[in-house]
Amino acid sequence: MTFTLPDLPYAHDALQPFMSRETLEYHHDKHHQAYVTNGNNAIKGTEFEGKSLEEIVKGSYGKNPAVFNNAGQHYNHLHFWKWMKPNGGGKLPGALEKAVVDSFGSVDKIKEDFVAAGVGQFGSGWAWLEVKGGKLAISKTPNGESPLVHGGTPILGVDVWEHSYYIDYRNRRPDYLKAFLESLVNWDYVAELYDGAKA
């Protein structure tokens, strides 16, 4: 398959004041575009031509860094744009909230653990809510890795590479993560992925 950059599901200024137009212009239009361009170039002439994105991510992990780094980040970002929406945050849909409470005790606890994972990821990477072994879990990964290459299914992820937040939050990563959870997360999309992961 050929990677293509999707349009954002909202306007560049739709997530303000929690994520600025400038951040989205750089992050989506420049950084994600670079993963698409470099990924397409890296895949040419390899065994990964013609495979699905998930197959490419899993198959190149630990074997072909040039392919994996770009394919992994393309995969992560395809979801990242959908994990946010204008006027996001708020209450979790019923089945997802029940699963969260069953696994973590409360919604506040999962948010606390998610922020801690994002703050605790040294350098570039991601924090995740995933389904692994039929259960919800919080994890973190370096660079472009995701639960996909560690036996899990990501249902929510936040990018903690500096280009994701530095324009708006400078070095205040915890503030960015809290704003992401309280004001940006599209819980309906998370619930949709959760339903698919446990099916």
Do Glu47 and Asn64 come within less than 4.5 Å of each other through their side chains, counting heavy atoms only?
no
Does any non-hydrogen side-chain atom of Lys82 lie less than 4.5 Å from one of Asn186?
no
State plainly whether one hydrophobic cluster holds both Val149 and Leu193, where clusters connect Ile, Leu, Val, Met, Phe, Trp and Tyr through side-chain heavy atoms under 4.5 angstrom apart.
no
For His77 and His27: C-alpha separation, side-chain torsions, deciding distance, then whether side chain to side chain contact (heavy atoms under 4.5 Å, CB included) applies.
CA-CA 10 Å; His77 283 81; His27 195 175; 2.9 Å; yes
For Lys63, side-chain hydrogen bond (donor to acceptor under 3.5 Å, both in side chains) partners two or more places apart
none
Test item: Asn76 side-chain N/O and Asp159 main-chain N/O as donor-acceptor pair under 3.5 Å:
no
Flag the pair Tyr61 / Leu148 as yes when at least one side-chain heavy-atom distance between them is below 4.5 Å, and no otherwise.
no
Listed by chain and number, what are the ring pair (Phe, Tyr, Trp, His ring centres under 6.0 Å) partners of His28, not counting sequence neighbours?
Trp81
Quick one: side-chain hydrogen bond (donor to acceptor under 3.5 Å, both in side chains) partners of Glu162, sequence neighbours excluded?
none
Apart from Tyr26 itself, what residues make up its hydrophobic cluster when side-chain heavy atoms of I, L, V, M, F, W and Y under 4.5 Å apart count as a link, directly or indirectly?
Ile167
Indicate yes or no: at least one non-hydrogen side-chain atom of Leu136 is less than 4.5 angstrom from one of Val131.
yes
Hey, what do you get for NZ (Lys111) to CG (Leu92), rounding to the nearest 0.5 Å?
6.5 Å
Check whether the ring centres of Phe80 and His32 lie less than 6.0 Å apart, and answer yes or no.
no
Could you tell me the separation between the OH atom of Tyr35 and the CG atom of Leu78, rounded to the nearest 0.5 Å?
12.5 Å
With rounding to the nearest 0.5 Å, note down the distance linking NZ in Lys44 to OG1 in Thr46.
11.5 Å
Go through the steps to decide whether Phe18 and Met84 satisfy the test side chain to side chain contact (heavy atoms under 4.5 Å, CB included), and finish with yes or no.
CA-CA 11 Å; Phe18 309 104; Met84 299 184 289; over 6 Å; no
Would you please say whether a donor-acceptor pair under 3.5 Å links the side chains of Ser146 and Tyr75?
no
Which pair of heavy atoms, one from Ser139 and one from Pro147, lies closest together, and at what distance?
OG-CG, 4.1 Å
Which pairs with one or both residues in residues 4-14 pass side-chain hydrogen bond (donor to acceptor under 3.5 Å, both in side chains), sequence neighbours excluded?
His12-Asp29
Rounded to the nearest 0.5 Å, how far does OG1 of Thr2 lie from CD of Glu49?
8.5 Å
Kindly give the heavy-atom pair with the smallest separation between Glu130 and Gly152, and that separation in Å.
OE1-CA, 3.4 Å
Selection residues 189-199 - residue pairs positive for side-chain hydrogen bond (donor to acceptor under 3.5 Å, both in side chains), sequence neighbours left out:
His79-Tyr189
Nearest atoms (heavy-atom pairs only) where Trp187 meets Gly89:
CD1-O, 3.4 Å
Under the side chain to side chain contact (heavy atoms under 4.5 Å, CB included) rule, collect the residues that match up with Asn38, sequence neighbours excluded.
Ala34, Asn70
Quick note, side-chain hydrogen bond (donor to acceptor under 3.5 Å, both in side chains) partners involving residues 166-175, not counting sequence neighbours, are Ser20-Asp168, Thr23-Asp168, Tyr165-Arg173, Arg172-Asp175
Quick one, Val119 and Leu177 - any side-chain contact, counting heavy atoms below 4.5 Å?
yes
As an exercise, state the distance from CD1 of Ile155 to CG of Leu129, rounded to the nearest 0.5 Å.
4.0 Å
Please name all residues satisfying ring pair (Phe, Tyr, Trp, His ring centres under 6.0 Å) with Phe114, sequence neighbours left out, ordered by chain then number.
none
Please tell me if the side chains of Val185 and Trp83 come closer than 4.5 Å, counting only heavy atoms from C-beta onward.
no
Measure from the side-chain N and O atoms of Lys132 to the backbone N and O of Ala137, and report whether any donor-acceptor pair falls under 3.5 Å.
no
Ignoring hydrogens, what is the shortest heavy-atom contact between Gly144 and Gln73? Give both atom names and the distance.
CA-OE1, 3.6 Å
Just to verify, what does Thr141 make a side chain to side chain contact (heavy atoms under 4.5 Å, CB included) with, not counting sequence neighbours?
Trp126, Trp128, Glu145, His150
Quick one: are Phe180 and Leu156 in side-chain contact, heavy atoms under 4.5 Å?
yes
Within a reach of under 6.0 Å around NZ of Lys85, are more than 12 heavy atoms found that belong to other residues, nucleotides or ligands?
yes
So which heavy atom on Ala11 is nearest to which on Leu24, and how close?
O-CD1, 4.4 Å
Val160 side chain reached by Ser124 side chain, heavy atoms, under 4.5 Å
no
Roughly how far apart are Ile110 CD1 and Leu181 CG, rounded to 0.5 Å?
9.0 Å
Ala197 to Thr153 - nearest heavy-atom pair and separation
CB-CG2, 3.8 Å
side-chain hydrogen bond (donor to acceptor under 3.5 Å, both in side chains): which pairs involve residues 87-99, sequence neighbours left out?
Lys91-Glu97, Lys98-Asp102
Gln33: side chain to side chain contact (heavy atoms under 4.5 Å, CB included) partners, not counting sequence neighbours:
Leu5, Val36, Thr37
